[in-house]
Amino acid sequence: MDNTGVVTAVIVVVLLIVVAILIGGAVRVVPQGFAGVVTRFGRFRRESQAGLTIITPFIDKLLRVDMRETPRTGDRQDVITRDNVAVAVNATIFSQVIEPRAALFNVSDYLVAIDQQARTTLRNAFGNVSLDEALSSREQINAAMQQQMEQVTDKWGIRINRIEIVDISPPVQILQAMALQKQADQEKRARILQSEGQQQSAVNIADGNRQAAIKQAEGERQAAILRAEGNRQAAILEAEGRAQAISTVYGSIKAAQPDPTLVAILQLDTLTKFAESPNAKLVVPAETSGLLGAAQVLRSVLGDAPGLEPPTVVTVPPSSS
């Protein structure tokens, strides 16, 4: 009984161990972000998503494929540009497996294949551009490299999300020449800007002088117009004043109704005022014989004045008309 119990216990233990081995070989876990590919005797059987997967022990095999986007920075390599300049270039490739079956069975090692394809594509891309274009057009080079690589990696079940050129290092001599060229360009631009500034300043000064001359001419013209207008108004007012004075005097004389005697006295008074002037000749109207006598008396009076030479009295006969 004791030997039978021992044998039974050993068999149970062996069976438990075998069951545990079978269960351990049949149950597989696929992590999140991975995909499982089940093969049977090396031949593709099915794909398995993330989580618990049951396979046939000792017959099936589970291969895990990373489905996440993976950045891979390649080694620095020397490439030659279109203008025969050797530069050291380094790029990072962001790739992602989208078809696990194609990635495992269409290429022996897709990681190595991506790296080698990136090297070839990088050399071709830089061989089609000059150094200046390579330094200033990284985005275009990245897009061209991505397009070229996708034409190859699509059949591998791998998608190239983007390519980023990390560094471009030209030789030291080229860098020195570029620095001198940049300095010369900056100096040229500075001189151009300075000359443009001087030109604009001269234009502004000339424009200011022109505007000032125009304003001054307009001011002088306005002043001349105002002076002429003032002179015209003054002449009009003076003429109106004279006309009014004459009209007033004439009205007064007409209203007084002077007789010939008063007129003769006024004429003599006027002649007396003429005689007081330092003129050498007097022109006196001789309309009547009385005025001629008054002229003679005026001549004798002026001739008797001490220190004063009597003026010559010229009588003007009346008009025959």
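No hydrogens, no waters, no symmetry mates; every other heavy atom, side chains included, goes into these values.
Enclosure of atom CD1 in I59 by more than 12 non-hydrogen atoms of other residues, nucleotides or ligands within 6.0 angstrom is indicated. Heavy atoms of other residues, nucleotides or ligands lying less than 6.0 angstrom from CD of Q32 number 12 at most. Taking a 6.0 Å sphere around CD of E69, one finds it holds more than 12 heavy atoms contributed by other residues, nucleotides or ligands.
Considering only heavy atoms from C-beta on, P71 stays 4.5 Å or farther from E164 through its side chain. In this structure the side chain of V79 reaches within 4.5 angstrom of the side chain of V87, judged on heavy atoms. Looking at heavy atoms from C-beta onward, L62 lies out of side-chain contact with V37 at the 4.5 angstrom threshold. Side-chain contact between M145 and I160 is absent, with no heavy-atom pair separated by less than 4.5 Å. Side-chain contact check for L52 versus V27: some heavy-atom pair is nearer than 4.5 Å. Contact of the R101 side chain with the E47 side chain is registered, since non-hydrogen atoms from C-beta on lie closer than 4.5 Å. Put simply, the side chain of D60 does not reach to within 4.5 Å of the side chain of T39, judged on heavy atoms. Looking at Q49 and V30, their side chains never come closer than 4.5 Å, going by heavy atoms from C-beta outward.
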Table please: side-chain donor-acceptor pairs of residues 111-130 below 3.5 Å, with sequence neighbours left out.
residue	atom	partner	partner atom	Å
D115	OD2	R119	NE	3.4
Q117	NE2	T121	OG1	3.3
R119	NH2	D75	OD2	3.2
T120	OG1	Q116	O	3.2
T121	OG1	Q117	O	2.8
R123	NH1	Q77	OE1	3.4
N124	ND2	T120	O	3.3
N128	ND2	N124	O	3.0
S130	OG	E133	N	3.4

Could you pull out every donor-acceptor pair under 3.5 Å between side chains of residues 230-238 and any protein atom, sequence neighbours left out?
residue	atom	partner	partner atom	Å
N231	ND2	R227	O	3.3
R232	NH2	E229	OE2	2.6
Q233	NE2	E229	OE2	3.2
E238	OE2	R242	NH2	2.7

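With hydrogens and angles disregarded, no donor-acceptor distance shorter than 3.5 Å links the side chain of N90 to the backbone of D167. Judged by distance alone, the side chain of S195 and the main-chain N or O of R191 form a donor-acceptor pair under 3.5 Å.
We find that D185 and K182 are not joined by a salt bridge, their nearest charged nitrogen and carboxylate oxygen being 4.0 Å or further apart.
To the nearest 0.5 Å, the span separating CD on Q222 from CG on L226 amounts to 5.0 Å. The distance from the CD atom of Q96 to the CE atom of M67 is 7.0 Å, given to the nearest 0.5 Å. Here CZ of R210 is found 11.0 Å from NZ of K215. Values are rounded to the nearest 0.5 Å. The OG atom of S48 sits 12.0 Å away from the CZ atom of R28 when rounded to the nearest 0.5 Å. The CD1 atom of I163 lies 14.5 Å from the CZ atom of R138; values are rounded to the nearest 0.5 Å. To the nearest 0.5 Å, the span separating CD1 on I225 from CD on E220 amounts to 12.0 Å.
In this structure, P31 and A50 approach most closely via the heavy-atom pair O-CB, 3.4 Å. Between F58 and I21, the shortest heavy-atom distance links the atoms CZ-CG2, 4.1 Å. Across all non-hydrogen atoms, the minimal contact from P171 to V85 is CD-CG1, 4.2 Å. Considering every non-hydrogen atom in both N84 and I80, the closest pair reads CA-CG2, 3.7 Å.
Hydrophobic clustering of Ile, Leu, Val, Met, Phe, Trp and Tyr side chains at less than 4.5 Å, counting indirect connections, keeps I54 apart from F34. A continuous path of hydrophobic side-chain contacts links V65 to V107 [ILVMFWY only; heavy atoms under 4.5 Å]. At a threshold of 4.5 Å between side-chain heavy atoms, the hydrophobic network of Ile, Leu, Val, Met, Phe, Trp and Tyr places I93 and V152 in one connected group. Using a 4.5 Å cut-off between side-chain heavy atoms of Ile, Leu, Val, Met, Phe, Trp and Tyr, with links allowed through other members, L104 and I98 fall into different hydrophobic clusters. Residues V97 and L63 share a hydrophobic cluster, clusters being chains of Ile/Leu/Val/Met/Phe/Trp/Tyr side chains in contact below 4.5 Å.
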Apply side chain to side chain contact (heavy atoms under 4.5 Å, CB included) to R76 and V166, showing your working.
CA-CA 10 Å; R76 181 183 295 270; V166 179; over 6 Å; no
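Side-chain contact of E150 with Q146: a donor-acceptor pair under 3.5 Å is present, judged by distance alone. When only modelled atom types and interatomic distance are considered, S95 and R159 share no side-chain donor-acceptor pair under 3.5 Å.
A cation-pi contact links R162 to F94, judged by a cut-off of 6.0 Å to the six-membered ring centre and 45° from its axis.
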